[in-house]
Amino acid sequence: MLAMVKEAAETTPADQWLFGEGWNENNFPDKRIPTMAELDAIRKGPILLTRVCHHVVLGNTAALQAGGITETSKAPAGGEIGRDPAGKLNGLLYEKASDLVTNAIPRGGEAYIDSLAAELSLAVEQMLSVGLTGAHTEDMSYFGDFHNPLTAFHRVIGEKHHFRVNLLRHYTVFEKMMQANLDFDAPFIEPGAMKIFTDGSLGGSTAALSKSYADQPGHNGLLVQTDEQLEELVKLARKYDEVVAVHMIGDAGAEQILNVIEQYPAPSGKRDRLIHACVLREDLIERMAKLPVVVDVQPAFVPSDFPWVIDRLGEERLEYAYPWKTLLDHGIMCAAGTDAPIEDFNPIASIYAAVERKRPYAAHEGYVPKEKISRFDAIRMYTVGSAQAICKEHERGLIKPGYAADFSIFDRDLFAGTSEDMLKAQAVKTVVAGRTVYDRTNLK
């Protein structure tokens with residue numbers, strides 16, 4: 001990792017930020033996270049490296065100084081500033097503490113928007129090539145003013161690429177966007193729910209658990225919002241007759257949001273979205289079954305998170321870890337996605353993970369095998385479930401008269417042969433709104 005950063009630094013001007021993304025100490029032989037001092041030795045200009053979960057960042061001294069972080073700084077509510085055993089800064093920032101640095105990154109101008117549009121166009125082309133006809137995404141608060149990414153979407157979607165996007169609106173920009181009377185260019189660009197976070201990630205040990213981490217006694221993770229703050233955010237969404245899409249990985253984070261949406265239920269005809277739901281309890285699942293909600297799961301988390309997550313949770317909590325079959329058995333609507341760029345956005349890999357709960361071609365029976373689901377249910381979560389997540393199941397998600405002509409053709413029957421045979425499937429054509437937008441046979 002350090003060698004890659006050093007190589008990138010050689011071609012990055014000293015006065016520019018150097019960004020990296022996707023590090024995961026669980027993949028390192030010694031599981032050691034590089035130090036701030038090691039980054040300082042590479043360059044004096046700011047370096048900011050985002051962990052694979054996007055809930056932890058690692059920066060050098062210049063990056064932390066840009067965010068006003070010093071040895072005497074105190075962590076903001078809902079965040080944590082990492083320190084070494086001697087109490088000195090180690091470059092790690094957790095949850096809301098990372099905002100201090102990311103808010104200092106310069107963003108804006110036509111050249112910046114052009115670069116966003118170019119990367120977005122490349123992403124859409126790649127998604128079409130694996131058979132995806134659309135995406136639900138949350139990009140409105142990470143690129144400076146929300147007009148920056150929104151302008152990029154307008155330049156890329158519809159005219160240049162036939163592709164559907166549902167734009168979740170981060171709670172920090174939600175009201176501004178509601179009051180701006182924006183044109184979203186439906187049905188290709190559509191406004192989505194208010195995005196909220198209750199907690200962090202299991203990999204970063206910031207997911208909020210009701211009982212402490214098995215490998216870190218006394219540590220229960222972090223709640224990003226206080227109960228009062230979370231209630232005010234949900235009330236704000238309801239003020240505009242909107243639903244919420246809530247990141248909740250640990251059972252304490254799930255319980256916190258359930259307490260609020262039970263008191264302030266979704267507007268009539270709409271559904272709140274509960275995202276991830278990696279660690280639950282029977283009582284929480286029973287409460288979910290009584291609410292107008294969709295649980296938005298990421299099957300690829302299982303092959304990525306196991307086996308190290310067993311050490312985090314302990315054997316006892318595995319009964320309700322990534323419990324997709326239990327959710328379906330309770331009659332709860334489930335949608336499936338990848339949380340890209342956290343995981344590969346190829347839907348076939350995710351469907352395999354839902355069915356087998358293991359890494360491709362691994363010899364074991366899969367992690368928590370009682371939660372395996374059928375191929376039919378896995379594909380249904382990607383199609384019908386994704387439509388249910390935005391209350392569009394009456395017009396999307398099925399090949400049926402009167403429905404949007406969005407579909408994919410693969411080079412093999414996804415229900416034939418073994419799950420490993422399914423992994424070999426490639427999209428041949430992708431059709432959006434009746435237009436063929438990807439055709440593998442025409443590729444040179």
Side-chain angles (χ1 to χ4, degrees), residues 1-2 4-6 8-9 12-25 28 31-108 112 140-145 148 170-173 195-208 213 216 218-226 229 247 342:
M1 171 177 162
L2 290 170
M4 292 171 68
V5 175
K6 184 175 181 180
T12 304
D15 61 343
Q16 291 185 11
W17 286 68
L18 173 60
F19 301 106
E21 184 173 300
W23 60 270
N24 183 354
E25 75 281 8
F28 300 161
K31 300 189 185 303
R32 183 184 72 82
I33 300 173
T35 65
M36 185 167 69
E38 287 173 308
L39 297 187
D40 287 341
I42 293 175
R43 76 192 298 252
K44 292 183 179 180
I47 301 174
L48 192 66
L49 309 176
T50 303
R51 193 181 184 278
V52 64
C53 63
H54 280 216
H55 291 269
V56 184
V57 299
L58 173 66
N60 67 349
T61 297
L64 268 63
Q65 286 178 343
I69 299 174
T70 67
E71 293 290 352
T72 59
S73 295
K74 294 183 179 180
E80 184 178 325
I81 297 175
R83 297 182 184 275
D84 63 23
K88 300 292 186 180
L89 295 175
N90 63 7
L92 290 169
L93 301 173
Y94 301 83
E95 302 302 337
K96 284 190 174 180
S98 65
D99 294 346
L100 300 173
V101 172
T102 57
N103 288 341
I105 299 169
R107 298 183 172 106
Y112 182 69
M140 295 295 103
S141 71
Y142 306 115
F143 304 95
D145 186 279
N148 293 336
H170 192 279
Y171 67 91
T172 57
V173 299
K195 178 67 180 291
I196 309 174
F197 293 80
T198 66
D199 64 353
S201 71
L202 290 167
S205 299
T206 55
Y213 282 78
Q216 299 167 66
H219 176 65
N220 289 56
L222 287 171
L223 286 172
V224 175
Q225 316 286 345
T226 65
Q229 289 172 331
H247 168 111
I342 310 304

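The structure displayed is predicted, hence computed values, not measured ones. Side chains included, hydrogens not; waters and symmetry mates left out as well; all remaining heavy atoms used.
- For the residue pair Phe28 and Pro34, the shortest heavy atom distance occurs at CE1-CD, 4.2 Å.
- Rounded to the nearest 0.5 angstrom, Ile196 CD1 and Thr172 OG1 are separated by 11.0 Å.
- With sequence neighbours excluded, the residues forming a side-chain hydrogen bond (donor to acceptor under 3.5 Å, both in side chains) with Thr206 are Glu95, listed by chain and number.
- For Tyr213, the side-chain hydrogen bond (donor to acceptor under 3.5 Å, both in side chains) test picks out no residue, with sequence neighbours left out.
- Minimum interatomic distance between Gly68 and Ser73 (heavy atoms only, all atoms of both residues): O-OG, 3.5 Å.
- Applying the side chain to side chain contact (heavy atoms under 4.5 Å, CB included) rule to Asn148 yields the partners Tyr112, Ile113, Leu116, Asp145; only residues at least two apart in sequence or on another chain are considered.
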Go through the steps to decide whether Leu93 and Thr102 satisfy the test side-chain contact (heavy atoms from CB on, under 4.5 Å), and finish with yes or no.
CA-CA 11 Å; Leu93 301 173; Thr102 57; over 6 Å; no
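- By the side-chain hydrogen bond (donor to acceptor under 3.5 Å, both in side chains) test, Ser205 pairs with Gln216, Arg312, sequence neighbours left out.
- Scanning for ring pair (Phe, Tyr, Trp, His ring centres under 6.0 Å) contacts around Trp23 gives an empty result, with sequence neighbours left out.
- The two residues Leu18 and Ala8 come nearest to each other via the heavy atoms CD1-CB, 3.8 Å.
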Kindly indicate, with the supporting measurements, whether the criterion side-chain contact (heavy atoms from CB on, under 4.5 Å) is fulfilled by Ile47 and Val5.
CA-CA 9 Å; Ile47 301 174; Val5 175; 4.2 Å; yes
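- Partners of Arg83 according to the salt bridge (charged side-chain N to carboxylate O under 4.0 Å, His left out) rule, which considers only residues two or more places apart in sequence or in another chain, are Glu71.
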Give the intermediate values and the outcome of side-chain contact (heavy atoms from CB on, under 4.5 Å) for residues Thr198 and Gln225.
CA-CA 6 Å; Thr198 66; Gln225 316 286 345; over 6 Å; no
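- Within the 4.5 Å cutoff, side-chain heavy atoms of Met1 are placed close to those of Leu58.
- For the pair Trp17 and Pro106, the tightest heavy-atom approach, listed with the atom from each and the gap, is NE1-CD, 3.7 Å.
- Taking 4.5 Å as the limit, every side-chain heavy atom of Ile33 sits out of range of all side-chain heavy atoms of Asn90.
- Within the model, atoms OG1 of Thr35 and CG of Asp84 stand 9.0 Å from one another, a figure rounded to the nearest 0.5 Å.
- The CG atom of Asn103 sits 9.0 Å away from the OG atom of Ser141 when rounded to the nearest 0.5 Å.
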With side-chain contact (heavy atoms from CB on, under 4.5 Å) as the test, would you mind laying out the steps for Leu49 and Leu39 before giving the verdict?
CA-CA 10 Å; Leu49 309 176; Leu39 297 187; 4.0 Å; yes
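- No donor-acceptor distance shorter than 3.5 angstrom exists from the side chain of Arg51 to the backbone of Glu25, with no hydrogens or angles considered.
- The aromatic rings of Phe197 and His55 stand perpendicular to each other, their planes meeting at an angle above 60°, with 30° marking the opposite boundary.
- Glu21 is linked by a salt bridge (charged side-chain N to carboxylate O under 4.0 Å, His left out) to nothing, counting only residues two or more places apart in sequence or in another chain.
- Side-chain atoms of Asn60 come within 3.5 Å of backbone atoms of Gly45 as a donor-acceptor pair (strictly under, hydrogens ignored).
- Remark: Thr61 pairs with Met36, Asp40, Gln65 by the side chain to side chain contact (heavy atoms under 4.5 Å, CB included) rule, at least two apart or across chains.
- Every residue meeting the side chain to side chain contact (heavy atoms under 4.5 Å, CB included) condition with Pro13, not counting sequence neighbours, appears here in chain and number order: Asp15, Gln16.
- The side-chain heavy atoms of Ile69 and Ile81, taken from C-beta on, include a pair separated by under 4.5 Å.
- Taking a 6.0 Å sphere around NZ of Lys31, one finds it holds more than 12 heavy atoms contributed by other residues, nucleotides or ligands.
- Under the salt bridge (charged side-chain N to carboxylate O under 4.0 Å, His left out) criterion, Arg43 pairs with no residue at all, not counting sequence neighbours.
- When every heavy atom of Ser201 is checked against every heavy atom of Cys53, the shortest pair comes out as OG-SG, 3.1 Å.
- The two residues Ser98 and Val57 have their closest heavy-atom pair at CB-CG2, 3.7 Å.
- With sequence neighbours left out, Thr12 forms a side-chain hydrogen bond (donor to acceptor under 3.5 Å, both in side chains) with no residue at all.
- Leu223 is linked by a side chain to side chain contact (heavy atoms under 4.5 Å, CB included) to Ala208, Gln256, counting only residues two or more places apart in sequence or in another chain.
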